[in-house]
Every structure is written in structure tokens, then in C-alpha cells.
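Each chain gets a letter, A, B and so on, in the order the sequences are listed, and its residues count up from 1.
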Amino acid sequence: MNLEIPYKYTEVIDLALDTIEKDKQALIFVNTKSSSEAQAERISKKNKKTNQALDILADEILNILSSPTKQCKRLSECVRKGIAFHHSGLNSKQRELIEDNFRNGLIKIICCTPTLAAGLDLPAYRTIIKDLKRFTRRGMQFIPVLEYLQMAGRAGRPKYDKIGEAICIATSEKQKEEILEMYIKGKPEKIFSKLSAEPVLRTYVLSLISTGLVNSKKQLFEFFSKTFFAHQYGDIQKMESLLLKVVDLLKNWNFINVEENSNSMFQSADSLNEENKYVATLLGKRISELYLDPYTANKLIEGLQKEQEKNDFSYLHLISNTLEMMPLLSIRKSDYEKLEEKLSLNEDYILDTDLFFDDHYYLLSTIKTAFFFEQWINEMTEDRIFEKFNVRPGEIKFKIDVADWLLFSCYELSKVLMLKSNLNVLTKLRLRLKYGVKEELMSLVKIELIGKVRARKLFDSGIKNIKDLKNIGLETLKSIVGEKTAINIKKKIQMG
DNA sequence: GGACGGTGAAACTTCAGGTTGCCTC
DNA sequence: GAAGTTTCACCGTCC
């Protein structure tokens, strides 16, 4: 760790310290999670002001998880000095604590990613926008003016301050001019319709047909011609051919039927015929209710229908290979060997065999993502996961939620398609995923008040299910999970 | 002499966010 | 492309 602070950082630190000196608060926007952590750390090391309330808060933050992660420790040490970092990788309780204690004035500075710019109402006297560039596929690019406005708009607290300050940090004289032109004098960019993204378009077309709002080509065109999407797209003919392409896909996947209209003079079952009727199939309806992108749904179905032998990894990999799971975990140099090994070990269990002939890097990313889920359901701790996979607690939660939704979708699709062999495995997997436990803990974890940590402790002490819990003496239980919890658990079991 | 700790440069890694599902053990 | 993090060689100190 380098304690010497390079010149270019000092102005942000000075601004932060000046804010504290004035007894005001500031938000500092940076472009990455680790940048927000490093920035908060630098400021906290320079800030001398602490107090008892901050100590209490710092301890609370440290002990939110059963075993504190590196991130918890780092955040806790910053908060001890009244400084915090805030991004999507934080545990949700920690995030809430930071927000609440910024509102009540205890925390003076938050270094954050753009999470805080939109949605959350957290005004500050001063907003410092340190990074106006962000990494994209085309390298470092200036962020949109709209985003800049969101961030700058956090400055000034209506009830407390008459003014607010939004400060941009330029890295050079040239950039200073660019920022002035683009953000201060510039206009916000136009808004674009989200429908232009194909997955969204597919989902909407299916949902329109499925709910019966649209049931012919004519109605479909009519509906879309009134949307903002059409207004922006301009070329109506091109849009119509795009829509027909989607309809054909849905038909090929058996999510909708195109039925002939018996009154029509020209009978043909294709989707082009003006008068043919679009009707969602049972499968299509379910997919629409699940909010699944039809493309993903089709992929899942193809996998679920495979008759080859499946294991847990098969399903975890199936859901990792979807648009919804993007972005997949990225691969480090040191990962390759392990991932290749994992791949060859599970080659026979992978359901989407097309992957073997495609982009190998992508294949390995799907393997790594599935591997991450597999480690999670085998009780790898959050700290270890951060270390091994570089996924922070808040991101684990997010990925798990997506996975659970997709597994549930797999379950529902299997039900509609009468693929009964998948059902039990999927239910089991979902439960294990939810708690992050091995199969042996499943019956314990189902009991209220018992999560992954307590379940593991109990199991290792020979208590393996609810019957064991009933039979065990209160004193013994106390020695395992602590006094209060033991009493509460006993109460719960007797009631249930 | 060896263990240990601090240092700094070079190599490596990563890059914001967060929609949507449901009743079953 | 830039910043943050990790790794590693090097050096001085202490026992």
C-alpha cells in the first residue's frame, strides 16, 4: 500500500476536508467500485475528527455478517472517521445504514458510484464529480450529460442550504475546456426508446399476443405505430419487417400459433396474411407471465428437453448461459487452468452443446459463472467468494436473485412441458441457492430463525432435522446457538 | 545467519446499475 | 485507458 498520496488526488481530499471543516456534507462520484473504496480510505486517513457515535456505527457495520468480509472491515474503518463508500456491491443493510446516517448528519462524506445519483434522495451541500469518464467497449468515454445532471442535481439540500456546489474535477487544462463545453454549456442528449432492443421487443410482442391485446398482424402494426419507438424509428416498413421477424420466431418456437381465418378468401397459415389470427400457446402464455425473454425461454426449453444425464451443474450452467445472467464473471489469467479442468470434468453434463463450437472465452465465462453458483450452494463464505471470484456480497445477492428467477422459470416450463424428471431437482436447487447450503442442511434451513450459519453449527453437533431439534435439551441448544436464539427456536418448533 | 518488515516498481486485473417470478417443500 | 491491487525483489533491522 502506498501511503504517499499523488498530487492529483490531493484536491479531492482537500475539498472533502474543507467540507467537514465547514460542518457540511459531500457526495463524491467516481467511476468504479474499488475506486470509491480507495477514495474513501484516502480521505478517512486524513480526517482527524471522530466521535463515539461513529464508533458504534462502525462496529455495527463490521458485524452485519456472521463473519466480516474484507469489504466490511474496510467500510467499518472508514466510517469510524465519518467517511463511507457506497456501491452495488455492499450488503443491503450496510447500504441502508450508510444512507440513514448520511441523512442524519453523522456521516459527512460518501464516495460512491452513480448508484446514489438516481432514485435515492440523498442531497448534500457539495457534490464532487471526480470521474466524468467511464470505461466502455470503446475505451474511456465521457458519461452522458443526463448522468452528469443527475449527479450535479444532488447538490443543495432544500431545507438546509440556500445554495449547493457541484464541482467537476478535470485531469488537464484541455479536459477542463471539454467539460465546460460538454456539460456546463451543453444540452442533455435525446432519450431513446427501450423497445429498440430486441429482447425487449420480443418480450413485448409475446405479451401483447398472450394477453389478447393484439391478435393479428394488422393490430400488431397498429399498436406499434402509436409507440414512441415507431416515432423514433422513422422507417415504418423496416419496423414492420422487424415485427414480422419476431412473430415468425415466436411461431417457430411454438409460443404462438398463427391460425387461418375461415372467412378469409386467401387461406394460408403464414404470419403475413392480414386476417390470420395470432394466438398464444399455453407455453407462450406462461413464458410471458414469467417475464422471460422468449429467446431465453427457448434456450432453457431446449436444455430441459435434453435426455442426457443431468446433474446440479447442468442446470446451473443452463441458466448461466442466458442474456439475463449478463454480465458473466470475467476470467483472470490464473483462472484458465482450473476452468479448463472444470469444463472437461463436466463436459458430458453441459446441455447446450453448441457452445463447444463457439467462442471459447464465452464458454469459459459461462463455466466460471456456473462454478460460482456451485461453490455458493456448497457453502463457500462470502469472503472467500469475493477473493476467488471477485464478486462482492451485494452482487452475490443480485446474481442469486436472477438465478432463482431462472430456476423457477425452468421449473414452470418443465411443468407445462410435462418434463417431470426436472421438477424435484429444480426445487431442491432453488432452496439450496436461496440459503447457500449443501443438501444435508436443507431440512434445518427450512425452519424459521435458522439460516446457513446456524444450520451448519447444528448439523455439526449432530442435530440434523426438526425431530432432533425437538429432542434436544434447551441447555445443549443454548451452547450451540446462544441463549436467546435457542429459546426462540424452541418456541417456534413447539408452535409449528 | 535467518526471520521479518517495509518499500517501491512492475505486472496484473478490472472497469455502473439492478427490471422481472411465485406458493412449495 | 486509467486506476486499484497484487506480487516480488530488494534492503535494513533485530534477535
Review point. Near DNA chain C, which residues from residues 28-35 of chain A have a heavy atom under 4.0 Å away?
Key: Ser34(A), Ser35(A)
Practice item. Round to a whole Å and report the spacing from CD1 of Ile169(A) to P of dA3(C). Key: 13 Å
Exercise for review: Could you tell me which residues satisfy side-chain contact (heavy atoms from CB on, under 4.5 Å) with Glu302(A), sequence neighbours excluded, listed by chain and number?
Suggested key: Asn298(A)
Check your understanding: Can Phe135(A) be said to stack with the base of dG1(C), given centres closer than 5.5 angstrom and planes under 30 degrees apart?
Key -> yes
Review point. How long is the line joining CZ of Arg392(A) and C1' of dG4(C), in whole Å?
Key: 10 Å
Review point. Does one side chain, of His86(A) or Gln94(A), offer a donor that lies under 3.5 Å from an acceptor on the other?
Key: no
Point to revise | With Ser314(A) via side-chain contact (heavy atoms from CB on, under 4.5 Å) - residues at least two apart | key: Lys310(A), Asn311(A), Tyr349(A), Leu351(A)
Review point. With both distances under 3.5 Å as the test, what is the Watson-Crick or G-U wobble partner of dA16(B)?
Key: none
Practice item. Hey, could you give me each pair passing side chain to side chain donor-acceptor pair (under 3.5 Å) that has a residue in residues 320-331 of chain A? Not counting sequence neighbours. Key: Thr296(A)-Glu324(A), Lys299(A)-Asn321(A), Asn321(A)-Asp352(A), Asn321(A)-Tyr362(A)
Practice item. Could you run through nucleotides 20-25 of chain B and give me one letter per nucleotide, 5' to 3': B if any protein heavy atom sits under 4.0 Å from the base, S if only the sugar-phosphate is that close, - if neither? Key: BBB--S
Point to revise | Pair Asp335(A) + Lys338(A), salt bridge at N-O below 4.0 Å | key: no
Check your understanding: Separation of Glu37(A) atom CD from dA16(B) atom P, in whole Å?
Key -> 11 Å
Just the table, please: protein N/O against nucleotides 10-14 of chain B N/O, every pair under 3.5 Å.
{"unit_1": "dT14(B)", "atom_1": "OP1", "unit_2": "Arg332(A)", "atom_2": "NE", "d": "2.6"}

